[in-house]
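Below you'll find the structure, written out as structure tokens, and then a few comments.
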Amino acid sequence: MSAGKIPYVKHNNGTQIQAIGLGTYTSLGGDCERATLHAIDVGYRHIDTAFFYENENEVGAAVNKKIAEGVIKREDIHITTKLWCHFHEPERVEYACRKTLQNFGLEHVDLYLMHWPYSYVYRGDNEMMPTDAKGEVELNDIDYLDTWRAMEKLVELGLTKSIGVSNFNSEQLTRLLANCKIKPIHNQIECHPALNQKKLTALCKQHGIVVTAYCPLGRPDPAKKTPNYIYDAKVQAIGDKYKKSTAQVVLRYLIEIGTVPLPKSSNPKRIEENFNIFDFKLDAADHAVLDTYNTGERLIPMEHAIKSKNYPFNIEF
């Protein structure tokens, strides 16, 4: 399926994004560059990474290679990256963004997200999980509103076209919306059939905020046959009906409940398969089956940050 046939989702600031993106977390050692090159050839025009993933340089190398080859122009591709928790002090935000741009070898990114609403003590650029003598992560209590104000300046400076958040709950999002000059265009959250996030997605939609879904396939483990919604016979039967894999069924479900999934893969065939989900639609009975997996269980609870006043998972959504 070519890039031209993939639907786009409009943002509250007039920009737009492809309705699926390539996730890159844990993709390292050249795998990320190879995955990004292949994804661009397949038709992906939306790549998601982060400073924390330590692969911005690989994404940048792939994008610049494809621009040099004439496969894409810079304006054809949307690159999202994220401000990590140790850079939340307002005076560090511009520095962090410029460091990220240096990693990419680009003049701007398309979207810069605040990775988490809580912050860590700064102990150096590469000390991303600073720990104290007891081995506990050193939390800081910087107000995410102060960090956001510094991020707004990045748009004015032209270092990023748009800004957004990740892992913000309903209360944090509401507070941010009441105190911002520039509205976030995205809230990137963990979202899959076991944590379908329908309530938070509805709130985001109400405010014109796009929800991007990380861990959309729940990190499949073939040996353990987990998560169940990838390996269950009921989902397999839905896939058989449409001649699709269970992963494609799950990604389609996430699109139909109003999110933009970011499946991570460095396997060329899976990168293609994940992209090929726009030629079928699920019916109400399929949705009813997939809704039954919603236990609310998180893969990424980030319990080390539970003592932070800005920890996002202490409330329902």
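Please read all numbers here as calculations on a predicted model, not as lab measurements. Basis for what follows: all heavy atoms, side chains included, without hydrogens, waters or symmetry-related copies.
- Using a 4.0 Å cut-off between charged nitrogen and carboxylate oxygen, Glu272 and Lys269 do not count as a salt-bridge pair.
- Of the possible donor and acceptor atoms, one in the side chain of Gln18 sits under 3.5 Å from a partner among the backbone N and O of Arg45.
- Thr24 places no side-chain N or O within 3.5 Å of a backbone atom of Ser27 that could act as its donor or acceptor partner.
- Considering only heavy atoms from C-beta on, His304 comes within 4.5 Å of Met129 through its side chain.
- Listed by first and then second residue, the salt bridge (charged side-chain N to carboxylate O under 4.0 Å, His left out) pairs involving residues 227-240 amount to none (not counting sequence neighbours).
- Neither Val260 nor Ile40 shares a network with the other; the hydrophobic side chains, linked directly or stepwise wherever heavy atoms of I, L, V, M, F, W or Y lie under 4.5 Å apart, form separate groups for each.
- Ile257 and Leu299 end up in the same hydrophobic cluster when Ile, Leu, Val, Met, Phe, Trp and Tyr side chains are linked at under 4.5 Å.
- The two residues Asn294 and Leu195 come nearest to each other via the heavy atoms OD1-CA, 3.5 Å.
- Remark: side-chain polar atoms of Asn274 are paired, donor with acceptor, to backbone N or O of Arg270 under 3.5 angstrom.
- Taking both residues in full, the closest heavy atoms of Ser162 and Asn13 are given as OG-ND2, 2.8 Å, listed atom of the first, atom of the second, then distance.
- The shortest side-chain heavy-atom distance between Pro263 and Leu251 falls under the 4.5 Å cut-off.
- No side-chain donor-acceptor contact under 3.5 Å links Glu127 to the backbone of Gly124.
- Follow the hydrophobic side-chain contacts under 4.5 Å out from Leu37 and you never reach Val71; the two are in separate clusters.
- The minimum heavy-atom distance between Val165 and Pro184, with the atom names listed, is N-CB, 4.3 Å.
- At distances below 3.5 Å, not a single donor-acceptor pair connects side-chain atoms of Asn169 with backbone N or O atoms of Phe317.
- For Phe51 and Trp84, the ring centers are positioned 6.0 Å apart or more.
- In terms of heavy-atom proximity, Val210 sits nearest to Lys10 at CG2-O, 3.9 Å.
- Side-chain contact between Asn167 and Pro117 is present, with heavy atoms from C-beta onward closer than 4.5 Å.
- Using cut-offs of 30° and 60° on the angle between ring planes, the pair His78 and His46 is perpendicular.
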Decide yes or no on salt bridge (Lys or Arg N to Asp or Glu O under 4.0 Å) for Asp41 and Lys66, but give the supporting numbers first. CA-CA 9 Å; Asp41 286 340; Lys66 287 297 168 187; 2.9 Å; yes

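- Under the 4.0 Å criterion applied to side-chain N and carboxylate O atoms, Asp286 and Lys281 are not assigned as salt-bridge partners.
- Contact between Gly208 and Asn12 at its shortest, heavy atoms only, is O-ND2, 3.0 Å.
- A donor-acceptor pair under 3.5 Å links the side-chain atoms of Glu58 to the main chain of Gly29, judged by distance alone.
- Side-chain heavy atoms closer than 4.5 Å link hydrophobic residues (I, L, V, M, F, W, Y) into clusters, and following such links, even through other members, never connects Leu111 to Phe104.
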- Are Tyr122 and Phe87 close enough, and set up right, to give a side-chain contact (heavy atoms from CB on, under 4.5 Å), and what steps lead you there? CA-CA 7 Å; Tyr122 179 81; Phe87 286 135; 3.7 Å; yes

Test salt bridge (Lys or Arg N to Asp or Glu O under 4.0 Å) on Glu138 and Arg123; report intermediate values, then the result. CA-CA 10 Å; Glu138 293 182 287; Arg123 300 274 181 224; 2.8 Å; yes

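- At most 12 non-hydrogen atoms from other residues, nucleotides or ligands lie less than 6.0 angstrom from NZ of Lys161.
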**Request:** Give the intermediate values and the outcome of side-chain contact (heavy atoms from CB on, under 4.5 Å) for residues Leu159 and Arg98.
**Result:** CA-CA 8 Å; Leu159 303 180; Arg98 288 188 185 277; 3.7 Å; yes

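- Residues Asp283 and Tyr242 form a side-chain contact, since some pair of their non-hydrogen atoms from C-beta on lies under 4.5 Å apart.
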Check residues 142-155 and write down every donor-acceptor pair under 3.5 Å in which the side-chain atom is one partner and the other belongs to a residue at least two apart or another chain.
unit_1 : atom_1 : unit_2 : atom_2 : d
Asp143 : OD1    : Leu145 : N      : 2.9
Asp143 : OD1    : Arg175 : NH1    : 3.0
Asp143 : OD1    : Arg175 : NH2    : 3.4
Asp143 : OD2    : Arg175 : NH2    : 2.6
Tyr144 : OH     : Arg175 : NH1    : 3.2
Asp146 : OD1    : Arg149 : NH1    : 3.0
Thr147 : OG1    : His88  : O      : 2.8
Trp148 : NE1    : Glu152 : OE2    : 3.1
Trp148 : NE1    : Ile182 : O      : 3.1
Glu152 : OE2    : Lys181 : N      : 2.6
Glu152 : OE2    : Ile182 : N      : 2.7

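- Within the 3.5 Å criterion, the main-chain N or O of Val211 finds no donor-acceptor partner in the side chain of Asn187.
- Inspection of the Asp221 and Thr226 side chains reveals no N or O donor paired with an N or O acceptor under 3.5 Å.
- For the pair Arg252 (side chain) and Ile277 (backbone), a donor-acceptor distance under 3.5 Å is present.
- Cluster membership for Leu262 and Val109, using ILVMFWY side-chain heavy atoms within less than 4.5 angstrom, is not shared.
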message: Please evaluate residues Lys244 and Asp279 with respect to the criterion salt bridge (Lys or Arg N to Asp or Glu O under 4.0 Å), reporting the C-alpha separation (whole Å), side-chain torsions for both, the decisive distance (0.1 Å), and the verdict.
response: CA-CA 10 Å; Lys244 296 290 178 181; Asp279 56 354; 2.9 Å; yes

side-chain contact (heavy atoms from CB on, under 4.5 Å), that's the test. Do Ile163 and Ile185 meet it? Break it down for me.
CA-CA 6 Å; Ile163 50 177; Ile185 66 163; over 6 Å; no

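- Side-chain N or O atoms of Asp110 include one that pairs as donor or acceptor with a backbone N or O of Ile79 at under 3.5 Å.
- Of the possible polar contacts, none joining the Arg74 side chain to the Glu107 backbone as a donor-acceptor pair under 3.5 Å is found.
- Checking Glu56 against Thr100 by side-chain atom types alone, a donor-acceptor pair falls below 3.5 Å.
- Val59 places none of its side-chain heavy atoms less than 4.5 Å from the side chain of Tyr53.
- Between Asp291 and Asn196, some side-chain heavy-atom pair lies under the 4.5 Å cut-off.
- A salt bridge links Asp48 with Lys82: at least one charged nitrogen is closer than 4.0 Å to a carboxylate oxygen.
- The side chain to side chain contact (heavy atoms under 4.5 Å, CB included) test with Tyr120 singles out one residue from Leu139, Thr131, Asn140, and that residue is Leu139.
- Residues Leu177 and Lys183 form a side-chain contact, since some pair of their non-hydrogen atoms from C-beta on lies under 4.5 Å apart.
- Residue pairs meeting the ring-ring contact (aromatic ring centres under 6.0 Å, His included) criterion with at least one member in residues 243-267, sequence neighbours excluded: Tyr253-His287.
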Pair His11, Ile17 - check side-chain contact (heavy atoms from CB on, under 4.5 Å), show working. CA-CA 8 Å; His11 296 135; Ile17 198 168; 3.5 Å; yes

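- Contact annotation: the side chain of Ile209 approaches that of Leu173 to within less than 4.5 Å [non-hydrogen atoms, C-beta and beyond].
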Salt bridge (Lys or Arg N to Asp or Glu O under 4.0 Å) between Glu33 and Lys65, intermediate numbers included = CA-CA 10 Å; Glu33 184 177 346; Lys65 205 172 275 185; 2.9 Å; yes

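- Here the two rings, on Phe275 and Tyr44, have centers that are under 6.0 Å apart.
- Relative orientation of the Phe313 and Tyr311 rings is perpendicular, given thresholds of 30° and 60° on the angle between their planes.
- Here the closest heavy-atom approach between residue Pro216 and residue Leu254 is recorded as CB-CD1, 3.4 Å.
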